[in-house]
Amino acid sequence: MKNITIAIDGFSSTGKSTVAKQIAKHFGYVYVDSGAMYRAVTYYAMKHNFIDANHFNAEGLIAQLNSINISFKFNSTLGFAEVYLNNVNIENEIRTLEVSGFVSKVAEISEVRQKLVEQQQQMGKDGGVVMDGRDIGTVVFPDAELKLFMNASAETRAKRRFSELIERGQQVTYEAVLQNVQERDHIDTNREDSPLVKAKDAIQIDNSDMSLQEQFDKILKLVNDTLNK
Ligand code: CDP
């Protein structure tokens with residue numbers, strides 16, 4: 001069987017990672033959460049006082065990019081790869097609303113993007129990969145055999161993310177989550193370097209009114225059609 005590259009881009013909290021994990025599992029492909037890598041750099045920036053609510057020392061962060069080593073290790077109990085920063089598991093730490101509040105600012109920096117895109121291309125060079133993010137079909141793998149662009153209404157997305165965070169035991173309000181979703185959409189689509197935009201050849205999917213099963217079935221069919229081309 002062919003080992004294709006599947007690029008899934010879209011707005012925040014559109015369920016990209018959920019379906020990407022399902023598809024990767026079904027085909028025995030590697031799943032790469034590119035957003036986790038931007039979150040890991042952001043977490044590093046927070047821990048080293050390069051960013052907080054009042055300031056952002058981007059130059060300082062850029063100067064230390066060589067000290068940031070991001071890796072993934074498959075956790076067979078969870079069924080997906082967890083993210084490590086300099087060999088420390090930070091999978092839970094990067095999923096907070098606080099990290100979400102800073103990540104889009106960090107992701108605007110070209111030097112950060114260059115480093116992460118290079119690593120992403122290396123991870124996917126042999127195909128057999130499902131990667132989700134904002135620029136996968138446009139910048140990281142412009143030649144991907146299948147490109148999807150996911151969207152849903154901001155309210156639907158905020159509701160989903162709010163439930164996720166509550167399940168993880170975090171103290172957040174729906175309003176704060178909605179505000180973060182909207183703010184990130186704005187920064188991600190308007191930044192100069194690799195803005196979030198649908199690749200010309202990407203298939204658009206609005207999953208506002210789709211169940212997880214319906215979404216999986218639809219995308220599974222698209223993957224099978226691509227494999228049988
Ligand atoms: O899962 P969620 O939709 O909240 O976002 P994510 O995939 O974890 O990505 C977090 C942030 O990283 C995004 O809002 C973008 O600012 C940035 N990002 C990016 O710029 N490029 C990517 N390929 C992936 C994420």
Side-chain angles (χ1 to χ4, degrees), residues 5-21 31-46 51 56 58 70 72 80-83 85 90-121 123-124 129-142 144 147-154 156-165 168 170 172 176-199 202 205 207:
T5 299
I6 303 169
I8 307 182
D9 289 304
F11 291 89
S12 64
S13 318
T14 37
K16 301 181 297 289
S17 68
T18 304
V19 72
K21 278 178 201 157
Y31 163 59
V32 180
D33 176 353
S34 72
M37 300 169 73
Y38 290 92
R39 287 174 178 274
V41 175
T42 304
Y43 182 73
Y44 180 95
M46 288 161 65
I51 194 164
F56 181 19
I70 298 166
F72 289 94
F80 64 88
E82 294 181 292
V83 68
L85 171 64
I90 53 158
E91 182 62 32
N92 283 326
E93 286 79 354
I94 61 166
R95 306 290 170 191
T96 62
L97 190 57
E98 200 188 359
V99 171
S100 296
F102 297 128
V103 64
S104 288
K105 293 187 188 88
V106 171
E108 277 186 295
I109 302 175
S110 290
E111 286 84 350
V112 170
R113 305 204 67 82
Q114 221 173 331
K115 174 186 168 88
L116 299 188
V117 167
E118 213 168 276
Q119 191 179 346
Q120 288 153 9
Q121 289 172 332
M123 287 190 282
V129 66
V130 187
M131 197 175 291
D132 77 331
R134 303 292 186 284
D135 59 344
I136 310 304
T138 49
V139 175
V140 182
F141 297 121
K147 299 180 187 179
L148 305 175
F149 191 84
M150 314 256 295
N151 203 358
S153 72
T156 304
R157 294 186 281 125
K159 261 185 223 152
R160 290 178 185 155
R161 182 52 51 93
F162 174 66
S163 309
E164 257 173 53
L165 292 170
R168 284 173 172 270
Q170 295 184 28
V172 292
V177 175
L178 177 63
Q179 195 187 343
N180 174 257
V181 160
Q182 290 170 328
E183 199 176 282
R184 281 198 288 141
D185 286 355
H186 182 79
I187 302 178
D188 293 347
T189 45
N190 289 291
R191 71 179 171 223
E192 223 161 275
D193 189 347
S194 320
L196 169 62
V197 55
K198 179 187 158 308
I205 297 176
N207 62 17

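We count ligands from 1, going down the list as the structure has it; atoms in each ligand are counted the same way.
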Q: For atom 24 (C) of ligand 1, grab the closest protein heavy atom and report residue, atom and distance to one decimal in Å.
A: Ser34 OG, 3.3 Å
Q) Hey, are the side chains of Leu85 and Glu93 touching, using non-hydrogen atoms and a 4.5 Å cut-off? A) no
Q: Can you sort out which atoms of ligand 1 are near Asp188, meaning under 4.0 Å from one of its heavy atoms?
A: 13 (C), 14 (O), 15 (C), 16 (O)
Q.
Quick one: does any side-chain atom of Asp9 pair with a main-chain N or O of Phe149 as donor and acceptor, under 3.5 Å?
A. no
Q) Hey, which atoms in ligand 1 end up nearer than 4.0 Å to a heavy atom of Ser104? A) 14 (O), 16 (O)
Q: Determine whether the side chain, the backbone, both or neither of Arg113 has a heavy atom under 4.0 Å from any heavy atom of ligand 1.
A: side chain
Q.
Does this structure show an ion pair linking Glu91 with Arg95, if we count only N-O contacts that are shorter than 4.0 Å?
A. yes
Q | Numbered atoms and elements of ligand 1 in range of Lys16, under 4.0 angstrom, heavy atoms | A | 3 (O)
Q.
I need the nearest protein heavy-atom contact for atom 17 (C) of ligand 1: residue, atom name and distance, please.
A. Ala107 CB, 3.7 Å
(Q) Could you check whether any heavy atom of Arg157 sits closer than 4.0 Å to an atom of ligand 1, since that is the contact criterion I want to use? (A) no
(Q) Could you check whether Asp188 and Ser104, counting side-chain N and O atoms only, form a donor-acceptor pair closer than 3.5 Å? (A) yes
Q) Counting only N and O atoms by type, is there a donor-acceptor contact under 3.5 Å from the side chain of Glu98 to the main-chain atoms of Met46? A) no
Q) Looking only at heavy atoms, is any part of Arg191 under 4.0 Å from ligand 1, and if so is it the side chain, the backbone, or both, or is it neither? A) side chain
Q. Should you measure from each heavy atom of Gly35, which atoms of ligand 1 turn up under 4.0 Å away?
A. 6 (P), 7 (O), 8 (O), 9 (O), 24 (C), 25 (C)
Q. For atom 23 (N) of ligand 1, what is the nearest protein heavy atom, given as residue, atom name and distance?
A. Asp135 OD1, 2.8 Å
Q | Heavy-atom nearest neighbour in the protein, as seen from atom 5 (O) of ligand 1, with distance rounded to 0.1 Å | A | Arg134 NH2, 3.1 Å
Q: Could you grab the distance from atom CD of Glu82 to atom CZ of Phe72, nearest 0.5 Å is fine?
A: 11.0 Å
Q: May I ask whether Ser13 has any heavy atom positioned less than 4.0 angstrom from an atom of ligand 1?
A: yes
Q. Without hydrogens or angle criteria, can the side chains of Ser110 and Asp193 be said to hold a donor-acceptor pair below 3.5 Å?
A. yes
Q) What protein heavy atom sits nearest atom 8 (O) of ligand 1, and how far off is it? A) Arg39 NE, 2.7 Å
Q | Sub-4.0 Å atoms of ligand 1 with respect to non-hydrogen atoms of Ser12 | A | 3 (O)
(Q) Any atom of ligand 1 sitting under 4.0 Å from a heavy atom of Arg161? (A) yes
Q: Say whether, by atom type as modelled, one donor and one acceptor occur between the side chain of Asn207 and the main chain of Thr14 under 3.5 angstrom.
A: yes
Q. So do the side chains of Ser34 and Val140 get within less than 4.5 Å of each other, counting heavy atoms only?
A. no
Q) Should the pair Lys21 and Phe80 be classed as cation-pi, given the thresholds of under 6.0 Å to the six-membered ring centre and 45° from the axis? A) yes
**Q.** Region of Arg184 that comes within reach of ligand 1 [heavy atoms, distance under 4.0 Å]
**A.** side chain
(Q) Among Val112, Val103, Asp185, Leu196, which one puts a heavy atom closest to atom 11 (C) of ligand 1? (A) Val103
Q. Is any NZ, NE, NH1 or NH2 atom of the basic residue among Glu164 and Arg161 found under 4.0 Å from an Asp or Glu carboxylate oxygen of the other?
A. yes
